[in-house]
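Structure first, then comments.
Please read these numbers as outputs of a predicted model, since none were measured by experiment. No hydrogens, no waters, no symmetry mates; every other heavy atom, side chains included, goes into these values.
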Amino acid sequence: MAARGGKKVVIVKKKIVGGGGHHGGSWKVAYADFVTAMMAFFMVMWILGMDDKTKQAIEGYFANPVGYKKGFGAGSSPLSSGSSPSAIQKTPMRMIVRTTEQRTFETLRRSILDKLAENDSLKKLNAVVDVQVTNEGLRIELIESGKGDVYFPIGSAKMNAATMLTLQLVGAELREMENKIVLEGHTDGARYGSDGAYGNWELSTDRANAARRVLQSTGVAANRVVEVRGYADTKPRVLNDPMAPANRRISILLPFTATPETAPNAESLAAQKADSLIANIAQPLRKGY
């Protein structure tokens with residue numbers, strides 16, 4: 001442009017670009033929210049599809065992460081004089097499973113004892129039932145007392161009324177569970193049978209097998225019974241008195257789940273599941289779906 005008054009005029013043009021439309025970044029935020037929501041949806045669907053035992057294990061981990069802690073070099077409190085956090089300890093999956101089953105068995109134990117205590121007929125029959133959570137699992141024992149013929153006549157596998165009633169009450173509590181069941185029969189040290197054709201081994205096994213039939217009649221699934229054992233007098237309850245009536249008993253064992261030492265811990269399991277979930281999302285849909 002020509003100079004005016006001897007001075008050159010400079011014109012500066014500024015182009016204002018609008019931030020709306022597809023040139024802006026707001027759509028990225030919306031898309032990120034959508035992807036996050038979809039990921040949460042898939043995670044919920046994945047968890048719902050798990051078997052009950054895995055869901056209980058993960059629930060137990062997040063409810064009470066045993067073995068996890070963030071300590072400090074000079075103490076467990078952040079107010080301590082130390083300042084360097086210690087390494088986080090990883091909880092093995094077997095510990096999570098055991099803790100969850102421990103709580104389940106304790107609840108079941110109280111429920112069984114309450115149901116037995118409410119039954120007046122069992123009180124009149126002087127039936128003794130011991131329910132304990134042991135290192136093996138939940139153990140329910142029908143223990144002979146008095147003359148030793150409350151549950152079975154001496155030398156017989158035919159059940160008395162107390163046996164049927166007790167097993168029916170216990171079976172009603174066990175049928176909703178999924179744990180495996182082991183049935184055991186025990187006798188005292190008295191010699192039974194002289195010709196070797198039928199003795200304490202056969203008697204203890206027959207009594208345990210009779211208990212199995214009653215439990216299954218109450219609705220306990222047949223495939224849950226994994227073993228029927230007869231121990232004769234080899235595992236007395238009263239160690240210093242082999243002839244004690246309490247040695248004659250039926251045991252119902254719900255063993256703890258045997259989790260291998262090499263089972264993944266909670267963090268690696270979660271990472272594996274997350275990786276598989278992402279991999280599945282990345283898979284293209286097949287034609288026709």
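Thr234 places a side-chain N or O within 3.5 Å of a backbone atom of Tyr231 that can act as its donor or acceptor partner. Checking side-chain atoms of Arg207 against main-chain N and O of Ser156 turns up a donor-acceptor pair under 3.5 Å. Using modelled atom types, one side-chain atom of Ser204 and one backbone atom of Asn200 make a donor-acceptor pair closer than 3.5 Å. Remark: side-chain polar atoms of Asn126 are not paired, donor with acceptor, to backbone N or O of Gly146 under 3.5 angstrom. Remark: the backbone N or O of Val150 is paired with a side-chain donor or acceptor of Glu144 at under 3.5 angstrom. Within the 3.5 Å criterion, the main-chain N or O of Trp201 finds a donor-acceptor partner in the side chain of Thr205. Not a single donor-acceptor pair under 3.5 Å links the side chain of Gln132 to the backbone N or O of Ile140. With hydrogens and angles disregarded, a donor-acceptor distance shorter than 3.5 Å links the side chain of Tyr151 to the backbone of Val128. Of the possible donor and acceptor atoms, one in the side chain of Asn119 sits under 3.5 Å from a partner among the backbone N and O of Ser121. Judged purely by atom type and a 3.5 angstrom limit, Arg212 has no side-chain atom pairing as donor or acceptor with the backbone of Val182.
Under the 4.5 Å side-chain criterion, counting only non-hydrogen atoms from C-beta, Asn179 is in contact with Glu101.
Rounded to the nearest 0.5 Å, atoms CG (Asp188) and CG (Asn247) are 6.5 Å apart. Between the CG atom in Asn209 and the CG atom in Leu183 there is a gap of 8.5 Å [rounded to 0.5 Å]. In this structure, CD in Glu173 is found 8.5 Å from CG in Leu116, a value given to the nearest 0.5 Å. Taken from CD1 in Ile250 to CD in Glu141, the straight-line distance is 9.5 Å, to the nearest 0.5 Å.
Both the sub-6.0 Å distance and the 45° axial angle are not jointly satisfied by Arg248 relative to the ring of Phe152.
By the 6.0 Å contact criterion, NZ on Lys123 is enclosed, its count of non-hydrogen atoms from other residues, nucleotides or ligands being greater than 12.
With no hydrogens or angles considered, no side-chain donor-acceptor pair links Gln168 and Thr218 at under 3.5 Å.
Across Arg249, Arg139, Arg237, Arg109, a single residue satisfies salt bridge (Lys or Arg N to Asp or Glu O under 4.0 Å) together with Asp130, and that is Arg237.
One hydrophobic cluster holds both Val220 and Met164 under the rule that ILVMFWY side chains link at heavy-atom gaps under 4.5 Å.
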